[in-house]
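A quick write-up on the structure given underneath.
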Amino acid sequence: MQTVSAKTILQKGGGSDWFGCDYNMNLYRGCCHGCIYCDSRSECYHVEDFDTVRVKENCIELLRDELRRKVRSGVIGTGAMSDPYNPFEREECITQKALMLIDAYNFGAVMITKSALIARDGDIYADIAAHSPVLCLMTITAADDKLCGMIEPNVSRTSERFEALAKLSERGIFTGITMTPVLPFIEDNEDNILHIVRTAKECGVRAVYPMFGVTLRTNQREYFYDRLDELFPGLSDRYRTYYGERYGCTSPDAKKLYQRFSEECEKLGILYKMRDIVSSYKMGYGDMQLSFF
């Protein structure tokens, strides 16, 4: 496991705009999941050798010091830039140690991952939920395991992710799905979307947050098109023709899919709007001002 130097671990979060996170935490840098669409591969993030995972040096000690100095508690989110449950986490337990600190200092947690390893820490999430909001999110965009293996080759298959969500839900932990990005011309069909929503309900998942499209930036775009040429010959030309150099590549069927998606969520009692998800998983926790005593 390589290391990279770091001065801080926590950054001020975006609040209700992104699952109600007050702070963002990144313990690892880079990711080896190999997802063909990953936005974090973009040039603007300045992550060299993105497929090489590095842990931030002394990150647990830094996190402890930062939590100790906070006058006000809050919800700490992680997983937007680098998956906290990469393969090295099984032995290194960096995320697990961070969760123990989050629990000890009475903070809440929002976790986004594509790994079934998250279920290992179910007892810690339950402990945190006893005093602060917890939201465990699994990214799922392909209902079919085979398709999942093509576009996200080095991570838990969809069926394994649903099993992990079911385990967490059984413990009373608030679980959700980030159904993003839904790749145009690959995943943007009604059967795929509704299958994910219905399986989510079966697994006790409370929320599904969607994005019917994908974002493409410099560097990431070239990588994505190279993978498309390998996996779906001719599809990159279709992207170029339809989207040109656009950053936001919304599915041509986005409106119709969102309509069917929202109808199914309403019928099954699944939350899908950001404000509703945030207010629901935070309900009953009140103010998070820390006590000096």
Side-chain angles (χ1 to χ4, degrees), residues 9-27 63 67 72-85 89 95-96 98-141 156 161-180 196-197 199-211 265 268-288:
I9 299 299
L10 297 179
Q11 291 81 40
K12 192 66 177 174
S16 60
D17 292 340
W18 189 247
F19 296 107
C21 296
D22 301 294
Y23 305 98
N24 292 323
M25 176 181 73
N26 286 296
L27 304 165
L63 177 62
L67 292 175
R72 187 178 183 87
S73 182
V75 175
I76 297 173
T78 189
M81 279 291 295
S82 179
D83 199 310
Y85 288 100
E89 171 62 22
T95 298
Q96 184 181 69
L99 288 171
M100 290 177 180
L101 286 175
I102 288 170
D103 179 28
Y105 285 93
N106 291 319
F107 281 72
V110 171
M111 187 67 62
I112 305 176
T113 184
K114 295 174 186 171
S115 174
L117 183 59
I118 189 176
R120 177 199 66 184
D121 297 331
D123 56 341
I124 308 178
Y125 289 113
D127 288 343
I128 297 172
H131 56 73
S132 301
V134 170
L135 174 59
C136 289
L137 295 162
M138 190 78 76
T139 297
I140 298 176
T141 64
S156 304
R161 297 181 211 178
F162 273 122
E163 289 172 8
L165 285 169
K167 291 177 182 177
L168 294 170
S169 298
E170 287 170 2
R171 300 187 65 112
I173 297 166
F174 199 114
T175 57
I177 289 172
T178 47
M179 192 167 63
T180 170
I196 292 173
V197 173
T199 307
K201 179 64 176 179
E202 294 171 4
C203 294
V205 171
R206 303 276 301 279
V208 179
Y209 185 73
M211 184 183 82
C265 286
L268 297 177
I270 291 177
L271 303 172
Y272 58 94
K273 296 178 181 177
M274 181 64 76
R275 64 177 183 272
D276 295 334
I277 297 170
V278 172
S279 62
S280 185
Y281 89 85
K282 288 189 174 185
M283 187 178 297
Y285 286 101
D287 187 71
M288 299 188 73

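All figures in this text were calculated on a predicted structure; none of them were measured in a lab. Heavy-atom basis, side chains included; hydrogens, waters and symmetry copies ignored.
Annotation: side chain of I102 is in contact with side chain of I128 (closest heavy-atom distance under 4.5 Å). The closest side-chain heavy-atom distance from Y125 to L99 is below 4.5 Å. The shortest distance between side-chain heavy atoms of I270 and R206 does not fall below 4.5 Å. Between V197 and L268, the closest side-chain pair of non-hydrogen atoms falls below 4.5 Å. Put simply, the side chain of T95 does not reach to within 4.5 Å of the side chain of I118, judged on heavy atoms. Between L135 and T175 there is no side-chain heavy-atom pair separated by less than 4.5 Å. In this structure, V134 and Y281 have side chains that are not in contact, with every pair of non-hydrogen atoms separated by 4.5 Å or more. In this structure the side chain of N24 never reaches within 4.5 angstrom of the side chain of T78, judged on heavy atoms.
Note: C136 SG to M138 CE = 8.5 Å, rounded to the nearest 0.5 Å. Taking CD of E170 as the start and SG of C203 as the end, the distance is 9.0 Å to the nearest 0.5 Å. Atom CD1 of I76 and atom OH of Y105 lie 11.5 Å apart (nearest 0.5 Å). Taking CG of L271 as the start and OG of S280 as the end, the distance is 5.0 Å to the nearest 0.5 Å. Taking CE of M25 as the reference point, atom CE of M111 lies at 5.5 Å (rounded to 0.5 Å). Between atom CZ of residue R161 and atom CD1 of residue I177 there is a gap of 10.0 Å, rounded to the nearest 0.5 Å.
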- [ ] Verify ring pair (Phe, Tyr, Trp, His ring centres under 6.0 Å) between Y209 and F19, making sure each step is shown before the conclusion.
- [x] CA-CA 10 Å; Y209 185 73; F19 296 107; 5.6 Å; yes
TODO: I would like to know whether I9 and N26 meet side chain to side chain contact (heavy atoms under 4.5 Å, CB included); could you show each step before the answer?
DONE: CA-CA 6 Å; I9 299 299; N26 286 296; over 6 Å; no
Task: Worked check of side chain to side chain contact (heavy atoms under 4.5 Å, CB included) between I140 and M179 - done: CA-CA 5 Å; I140 298 176; M179 192 167 63; over 6 Å; no
TODO: With side chain to side chain contact (heavy atoms under 4.5 Å, CB included) as the test, would you mind laying out the steps for I112 and T139 before giving the verdict?
DONE: CA-CA 7 Å; I112 305 176; T139 297; 3.7 Å; yes
Open item on the list: Show, in sequence, the C-alpha distance, side-chain angles and deciding distance for R120 and Q96, and conclude whether the side chain to side chain contact (heavy atoms under 4.5 Å, CB included) test is met.
Closed with: CA-CA 9 Å; R120 177 199 66 184; Q96 184 181 69; 3.4 Å; yes
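Nearest approach of S115 to S156, heavy atoms of both residues: CA-OG, 3.6 Å. Contact detail for G204 and S169: the closest heavy-atom pair is O-OG, 3.3 Å. Among all heavy-atom pairs drawn from P210 and V208, the shortest one is CD-O, 3.7 Å. Nearest heavy atom pair, residue V110 against residue C21, reads CB-SG, 3.7 Å. Considering all non-hydrogen atoms of both residues, V75 and G20 come closest at CB-O, 3.8 Å. Listed here is the closest heavy atom pair of A98 and L27: CB-CD1, 3.6 Å.
With hydrogens and angles disregarded, a donor-acceptor distance shorter than 3.5 Å links the side chain of S132 to the backbone of N106. In this structure a side-chain-to-backbone donor-acceptor pair under 3.5 Å is present from H131 to D103.
Every residue meeting the ring pair (Phe, Tyr, Trp, His ring centres under 6.0 Å) condition with Y272, not counting sequence neighbours, appears here in chain and number order: F261.
In this structure, a donor-acceptor pair under 3.5 Å is present between the side chains of D83 and T113. Remark: the D121 side chain and the Y85 side chain contain an N/O donor-acceptor pair separated by less than 3.5 Å.
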